[in-house]
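To start, the structure itself, in structure tokens.
Values reported hereafter were calculated over all heavy atoms of this structure, with side chains retained and with hydrogens, waters and symmetry mates removed. Nothing fancy with the numbering, it's 1 onward along the sequence.
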Amino acid sequence: MKLSHRVLNITPPATLALSAKAKEMQAAGIDVLNLTIGEPDFNTPTHIRQATIKAIEAGQADSYTAATGILPLRQAVAEFTNHQHHTTFTAANVVVTTGGKFALYALSQALLEAGDEALIPVPGWVSYSEQVKLAGGQPVLVPPASGQLKVTPAELDAAWTPKSKVLILNSPTNPTGEVYTKAELQAIGDWAVAKDLLIIADDMYGALVYNGTPFTSLLDLSPAIQAHTILVSGLSKAYAMTGWRVGYVVASEELIKPLAAFIGQATSNLTAASQYAALAALTGDQACVEEMRVTYEERLNTIQPLVEAIPGFHLESQPAGAFYLFPNVAEAVAATGFATTDAFVAALLTEAHVALVPGSAFGMDGHVRLSYGTDLATLKEAIRRLHEFVVSHQ
């Protein structure tokens, strides 16, 4: 069998592979503490589940819907976005997708021709580059200045070429938990406008910011920046709805119409039951989001000093969003005698039974990603094992 170059040219997501390995070990009876996956440990809020059951029992979820989503949901997304960012979107500016991941994939397919370049700051989410490659585009990884985890216009400008078409910008970021400030986004947005670049703003973690840190979206900035911005978001993280697979794109009608045509041929509609769940989430009581946010904040404030106390673990800045820590572990790797961070992480799993993701998966070696989307008892025990592992191997 001869496989396509597209399939042979992509790399499977390291986060999913490592999580699967951890779950295999757990199934074999090994006490593995899995901190790899970017998934809340909360159940979907009760009122969302109950509204979905009601819609199912009323027969509303039995049939195909419009490929772009039911009109009430697209209206709700537009109104939710307008409320957050003082914009004037309507349902015509919205498509609902099978998860935020597919929203990003569909945008690559709709925007990129063979050879077009997409600027992707690193460290960055594992699927950005692969989705660009699947569209025939060329991912251009943009590293920040030494010792930093956020890029500036200077680094972006050094990577820009006449083939550059889009910039994919994520804040709060996966894997670092960094949050771009309004001034930082203004500078990047002004630079992108000057270069006539489209910006795909992945705001999936926008509701999850901590310790008084404000969240700014590119949609909060000047009309010129707004006009160059395509919003991607979803309900997986803020509403603990990863299994429901609800994402969306908010953009100009000029883009939404061809994007809708692509979705119609690729997946048709998101599962109808999930659409009614999303409608209940966006239009219902938002207290559940704040309750989960406060819990994540407590976890961050509890475990950050514990992680920084591990010999050779260093946080290069104060993480303020999402639910990840991304410490620099280069000193710990060297002190414990491992040749690479990947080898360090592999030994940590087999010996200490703690699963982390090496920074190489996100384009920045010498780091690890630790998810605090799990309970404090598990996190404290995992960090205790980490500390013990490092000390015992020195």
Problem set entry | Ion pair E381/R384, N-O distance below 4.0 Å |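 Looking at R384 together with E381, the answer is yes, because their closest N to O distance falls below 4.0 Å.
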
Problem set entry | Electrostatic pair K54-E57, nearest N-O below 4.0 angstrom |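 Looking at K54 and E57, the cut-off is not met.
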
Exercise. Does atom NZ of K195 have more than 12 heavy-atom neighbours, drawn from other residues, nucleotides or ligands, at distances under 6.0 Å?
Worked result: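 Yes - once you tally the heavy atoms of other residues, nucleotides and ligands closer than 6.0 Å, there are more than 12.
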
Exercise. Is atom CD of Q394 surrounded by more than 12 heavy atoms (other residues, nucleotides or ligands) closer than 6.0 Å?
Worked result: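 Yes, enclosed.
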
For this session: Would you check, one step at a time, whether the test side chain to side chain contact (heavy atoms under 4.5 Å, CB included) holds for S164 with L197?
Result: CA-CA 7 Å; S164 301; L197 276 178; 4.0 Å; yes

Exercise. Is there a side-chain contact between L348 and V390 (heavy atoms, below 4.5 Å)?
Worked result: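 L348 does not reach V390 side chain to side chain.
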
For this session: Check whether any side-chain heavy atom of I225 lies under 4.5 Å from a side-chain heavy atom of I188, and answer yes or no.
Result: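 I225 does not reach I188 side chain to side chain.
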
Exercise. Would L370 and L208 show up in the same hydrophobic cluster when neighbours are defined by side-chain heavy atoms closer than 4.5 Å?
Worked result: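 Cluster IDs for L370 and L208 match.
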
Exercise. Run the side chain to side chain donor-acceptor pair (under 3.5 Å) check on E155 and T152 step by step: do they pass?
Worked result: CA-CA 6 Å; E155 286 100 45; T152 67; 2.9 Å; yes

Side-chain donor-acceptor pair under 3.5 Å between [X] and [Y], yes or no?
X	Y	answer
E297	N301	no
T65	Q275	yes
H85	Q226	no
Q131	S108	no
Q286	Y239	yes
T161	E117	yes
H228	D196	yes

For this session: Establish, for the pair K237 and F323, whether the NZ or CZ atom is under 6.0 angstrom from the six-membered ring centre and no further than 45 degrees off its axis.
Result: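 No, cation not above the ring by the 6.0 Å, 45° rule.
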
Exercise. Is the F362 to H367 ring centre distance short of 6.0 Å?
Worked result: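 Not close enough - the centres of the two rings lie 6.0 Å or further apart.
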
Problem set entry | Sub-6.0 Å ring centroid separation between Y296 and Y205 |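 Judged by ring-centre distance (under 6.0 Å), Y296 and Y205 do not meet the cut-off.
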
Contact summary for [X] and [Y], nearest pair of heavy atoms:
X	Y	answer
I37	R369	C-NH2, 3.9 Å
I48	T52	O-OG1, 2.7 Å
L149	P144	CA-CG, 4.1 Å

Exercise. Do any N or O atoms from the side chain of K150 and from the backbone of V179 form a donor-acceptor pair under 3.5 angstrom?
Worked result: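 Such a contact is found between K150 side chain and V179 backbone.
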
For this session: Nearest 0.5 Å please: distance from the CG atom of N93 over to the OG atom of S252.
Result: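 It comes to 7.5 Å.
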
For this session: Decide side chain to side chain donor-acceptor pair (under 3.5 Å) for N211 and T213; before the verdict, give the C-alpha distance in whole Å, the side-chain angles of both, and the deciding distance to 0.1 Å.
Result: CA-CA 6 Å; N211 299 313; T213 302; over 6 Å; no

For this session: Over 60° means perpendicular and under 30° means parallel, so classify the ring planes of F389 and F344, tilted if in between.
Result: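 F344 vs F389 ring planes: perpendicular.
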
